[in-house]
Amino acid sequence: MRVSLILFLLIPGHIFAQLIQNIEFEAVGKPTWHTLVPMGEHGTLFFIKTDQTKAKVLFFDKNLKKNWEKDIFLDVERSPTAYTFDANTATFLFRETSGMFYQVFIFNLADGTFKTEGFELREYFDDQDFVIYDNKIILAGATENHAAFYIYDFKSEEGKLLKTAIEGKVKLQEIVPEPESGGFNTLWLVKTMGYSNEKRKKGAFIKSTRLALAAFDSSAILINQKSLEQKAGNFPVTGQLIFRENQIVGISGQYQNISGDKGLFYSKFPVEKPGNDMHFYSFKELLKGQPEFQKKDLESIIKDYGFLPHQTISSENGFSLGGVFFKIETKNVTQQINNDNGFSRNNSGFGRNNTRTQSRSVFAGYHYLSGILANIDSEGNLLNQSRFDLNQINPQLKQSLSFNTKGSVAYCLKGNLSASNLNIGTKPIIYKLSDEQPNAKNRPFLPSYNEVRHWYNEYFIADGSKSRIEVLQMKPNENQTSEKKKKKKAAPTFTQIRKTIYLTKIASGQ
């Protein structure tokens with residue numbers, strides 16, 4: 001796999017927004033998904049499924065210099081269920097689409113050597129994330145009515161399922177190792193169900209929700225648990241832990257009011273009185289900007305669009321919350337179907353093809369409408385907010401907006417990469433992968449940015465791509481049909497995709 005590097009000169013002085021490096025490489029076959037894993041100053045890892053049973057893993061240092069590249073056998077359809085990393089290793093967990101077979105890939109970041117582990121889980125268990133130790137993996141997830149863990153020992157090749165005391169319809173929000181104790185912290189969304197017919201358990205609905213913050217030891221035994229309840233009818237529906245110097249200092253997430261209002265919330269940690277320290281920031285307020293959304297458009301966004309949150313970050317002045325609004329886009333595809341059996345009669349006459357057209361709706365991508373950023377102080381007071389209109393469609397659900405502690409935001413805008421330093425109010429600086437103007441015909445073939453992530457310090461990393469379909473013809477086969485002549489059959493053809501990947505490093509912020 002060829003890797004090209006373009007190095008741009010830096011301008012001395014304060015950093016506002018600069019293009020540092022841009023590299024490109026190709027994946028050939030039938031590439032489907034890819035995963036970008038920024039690892040701070042350790043570097044960044046790029047994992048791409050290149051064909052039905054093949055994948056490539058590339059690891060770059062913090063200057064986007066390729067350290068190593070590995071080809072692996074990977075016979076799974078979906079992207080990793082979860083991944084984790086430290087200074088020395090990166091671990092990916094895959095689950096088969098049919099059955100309950102798991103594959104674990106553990107890469108040594110120094111040289112790319114890796115080992116794989118596999119196991120089966122035949123009990124009902126919805127895995128959602130994991131932590132890994134030297135000789136075992138702990139999957140965190142849910143049974144039908146409890147938060148639970150599945151612990152698998154690689155040496156003994158034995159596994160066991162443990163239910164916890166967290167009861168209800170649960171969804172893991174976060175699992176974070178705790179180096180000092182050797183255990184881990186978890187955050188769960190717990191739904192309490194109600195029924196219109198309580199006796200028969202018919203007509204189920206969500207009665208209430210809460211967030212449960214629970215600490216476990218390395219054997220998945222519960223140490224302690226605290227809850228974050230609703231306040232004024234604002235129920236938490238997602239959550240994440242906020243860290244400062246490796247210590248939990250707050251909890252943020254999304255809320256929904258029984259009236260239909262939605263937005264973001266922040267709560268101090270530790271939670272002294274559940275709900276009392278919660279602060280709410282309605283999407284109606286955070287989506288303000290120029291041009292203004294019409295009331296009906298704003299209601300449609302809140303009702304019909306999902307919200308992909310950014311990791312909340314902390315600084316000396318407080319915290320930054322945000323994310324992007326998205327929804328699934330579909331398109332109508334028309335195809336011709338031949339119903340001819342060789343002897344059919346239709347209006348056109350006897351024995352002619354009886355064809356019809358059929359239209360169906362297919363997945364076109366994820367439409368990212370707008371992104372928001374809210375800055376709050378340590379007491380939860382809203383300092384300012386910003387809105388960024390993206391208007392972009394991506395094939396995968398990816399982070400299309402990111403921000404850092406240096407006061408800058410970077411986001412994908414109509415296939416380009418945009419960066420703004422909000423501290424000095426500069427206009428966005430836009431980076432393009434192509435100078436060609438997109439139109440309906442060439443848009444699918446032009447390179448575009450799909451994702452941007454905060455990397456480390458003032459640096460962001462973005463990935464983009466373009467694809468080209470190639471039709472290849474194999475050597476023709478000759479078939480002897482008689483003693484006097486040969487009849488040549490049409491040479492079989494097959495298609496492959498030549499996908500060019502772009503990784504771009506930019507700096508923005510003071």
Side-chain angles (χ1 to χ4, degrees), residues 10-11 13-21 36-44 61-64 85-87 174 176 187 239-254 264-269 279 281 286 307-324 371-388 398-412 417-429 431 451-463 504-510:
L10 302 182
I11 302 172
H14 292 292
I15 294 177
F16 297 125
Q18 298 171 351
L19 178 61
I20 308 299
Q21 283 137 332
L36 176 65
V37 186
M39 301 178 180
E41 297 197 49
H42 301 305
T44 190
D61 67 13
K62 67 177 185 179
N63 298 312
L64 275 183
F85 64 87
D86 55 31
E174 199 160 6
V176 182
L187 186 65
Q240 58 176 266
L241 301 174
I242 309 174
F243 290 86
R244 180 180 289 154
E245 297 178 353
N246 297 322
Q247 297 294 320
I248 301 174
V249 294
I251 300 175
S252 66
Q254 295 169 245
L264 304 179
F265 77 85
Y266 160 77
S267 178
K268 288 183 180 180
F269 183 85
H279 300 265
Y281 320 97
L286 298 179
F307 184 75
L308 182 65
H310 186 282
Q311 184 69 38
T312 298
I313 60 175
S314 63
S315 61
E316 294 180 359
N317 300 325
F319 308 97
S320 297
L321 306 82
V324 294
I372 54 174
L373 169 62
N375 291 307
I376 62 175
D377 63 21
S378 57
E379 297 300 316
N381 300 306
L382 181 64
L383 301 176
N384 53 65
Q385 81 270 359
S386 302
R387 190 188 90 203
F388 309 90
K398 294 290 186 179
Q399 190 170 298
S400 295
L401 177 143
S402 187
F403 41 84
N404 61 23
T405 58
K406 307 294 183 178
S408 288
V409 61
Y411 51 99
C412 299
L417 177 63
S418 181
S420 297
N421 186 335
L422 302 181
N423 286 328
I424 57 178
T426 57
K427 292 183 178 180
I429 295 178
Y431 307 95
E451 177 182 19
V452 59
R453 307 278 294 277
H454 175 239
W455 195 353
Y456 63 98
N457 297 337
E458 67 270 26
Y459 299 105
F460 295 95
I461 183 168
D463 76 78
T504 300
K505 177 182 179 181
I506 66 172
S508 183
Q510 288 180 307

In Å, rounded to the nearest 0.5 Å, how long is the span from [atom1] of [X] to [atom2] of [Y]?
X	Y	atom1	atom2	answer
Tyr456	His42	OH	NE2	12.0 Å
Ser252	Ile242	OG	CD1	4.0 Å
Gln240	Ile251	CD	CD1	10.5 Å
Ile20	Trp455	CD1	CH2	10.5 Å
Phe460	Tyr411	CZ	OH	11.5 Å
Asn384	Leu373	CG	CG	7.5 Å

Who are the side-chain contact (heavy atoms from CB on, under 4.5 Å) partners of Lys398, not counting sequence neighbours? His34, Tyr368, Gln396, Glu451
Apply side chain to side chain contact (heavy atoms under 4.5 Å, CB included) to the pair Thr44 and Leu64, showing each step before the final yes or no. CA-CA 8 Å; Thr44 190; Leu64 275 183; 4.2 Å; yes
Looking at every heavy atom in both [X] and [Y], which two are closest together, and how far apart are they?
X	Y	answer
Ala462	Leu417	CB-CD2, 3.7 Å
Gln254	Leu264	CG-CD2, 3.9 Å
Thr405	Ile313	N-CD1, 3.7 Å
Leu401	Gly371	CD1-CA, 3.9 Å
Tyr266	Gly250	CE1-CA, 4.3 Å

Give every residue pair that meets the salt bridge (charged side-chain N to carboxylate O under 4.0 Å, His left out) criterion with at least one member in residues 241-254, sequence neighbours excluded. none
Report the residue from Thr504, Ile506, Leu36 that forms a side chain to side chain contact (heavy atoms under 4.5 Å, CB included) with Ile461. Leu36
Give a yes or no on whether the backbone of [Y] and the side-chain of [X] come within a donor-acceptor separation of less than 3.5 Å.
X	Y	answer
Asn404	Tyr459	no
Ser402	His454	yes
His279	Glu379	yes

With sequence neighbours left out, what residues match Glu174 under salt bridge (charged side-chain N to carboxylate O under 4.0 Å, His left out)?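 With neighbours one apart ignored, the set is empty.
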Picking from Phe403, Phe388, Phe319, what satisfies ring pair (Phe, Tyr, Trp, His ring centres under 6.0 Å) with His310? Phe403
I would like to know whether Arg453 and Val37 meet side chain to side chain contact (heavy atoms under 4.5 Å, CB included); could you show each step before the answer? CA-CA 9 Å; Arg453 307 278 294 277; Val37 186; over 6 Å; no
Set out, in order, the CA-CA distance, both residues' side-chain angles and the distance that settles side chain to side chain contact (heavy atoms under 4.5 Å, CB included) for Phe269 and Leu241, then state yes or no. CA-CA 9 Å; Phe269 183 85; Leu241 301 174; over 6 Å; no
Verify side chain to side chain contact (heavy atoms under 4.5 Å, CB included) between Val409 and Ser386, making sure each step is shown before the conclusion. CA-CA 10 Å; Val409 61; Ser386 302; over 6 Å; no
